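As the structure is a prediction and not an experimental result, all values here were calculated from the model. Atoms within each ligand, like the ligands themselves, are counted from 1 in listed order.
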Amino acid sequence: MSRLDSFIRRLQAQRDVLNWAMEAIGDKAGLVLEIGLGNGRTYDHLRSRLGPDRIYAFDRANNANPRSYPPADRLILGEFAETLPAFATTHREGAILAHSDAGLGDPEANARQIIMLANVLPSLLAPGGMLFSDQKMDHPALLPQPMPVPIPPDRYFMYIRT
Ligand SMILES: C[S@@+](CC[C@H](N)C(=O)[O-])C[C@H]1O[C@@H](n2cnc3c(N)ncnc32)[C@H](O)[C@@H]1O
């Protein structure tokens, strides 16, 4: 498969997963977390349906396309290891949906990041809250789910907060 094919498949998988998640949320109220704002593509997709008020986006810096800037008070800048635990202490209700797209190119740094995220994400989610992650996570409070949409294996992982 060419890199272009692979890139297209990745974006299609993201869109299918996020569409399913937003459909599953329905009209339920609750916070939504975008962990890894990046260019802002997936943030913008979530915002197009859920609106900007309930979505908090996290990244170490705002490198988003200006059309995808979150409102200033919904953008949390800094290292995940600091911003995510701090957010959890001030938003104890937890999120009903978190989308984590934070994979790193360096395998060792990525492995450390996955452990950190898996440890902090349960405190950011409400019981029953959904997590979609580009990385496989292992934590007793994150119950692995079968992928609800047909996407290539291991491209996304779904968990429910116990
Ligand atoms: C793959 S990009 C996200 C792409 C985004 N979902 C989109 O559709 O445009 C991952 C982002 O996570 C951020 N990131 C990765 N590790 C981080 C960390 N430890 N703390 C803060 N931000 C981090 C990077 O800066 C990068 O912008």
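Sparse packing is recorded around CD of Glu108, with 12 or fewer heavy atoms of other residues, nucleotides or ligands lying under 6.0 Å away. Within 6.0 Å of the CG atom in Asn65, the count of heavy atoms belonging to other residues, nucleotides or ligands exceeds 12.
A salt bridge links Arg47 with Asp44; the closest basic N to acidic carboxylate O contact falls under 4.0 Å. Note on Glu23 versus Arg49: salt bridge recorded, some NZ/NE/NH1/NH2 to OD/OE distance being below 4.0 Å.
Side-chain polar atoms of Asp134 and His99 form no donor-acceptor pair below 3.5 angstrom.
A heavy-atom cutoff of 4.0 Å around ligand 1 is satisfied by the protein residues Glu34, Gly36, Leu37, Gly38, Asn39, Gly40, Arg41, Thr42, Asp59, Arg60, Gly78, Glu79, Phe80, Asp101, Leu104, Gln113.
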Under 3.5 Å, which donor-acceptor pairs link side chains of residues 7-17 to any protein atom two or more places apart or in another chain?
residue : atom : partner : partner atom : Å
Gln14   : NE2  : Asp101  : OD2          : 3.0
Gln14   : NE2  : Tyr156  : OH           : 3.0

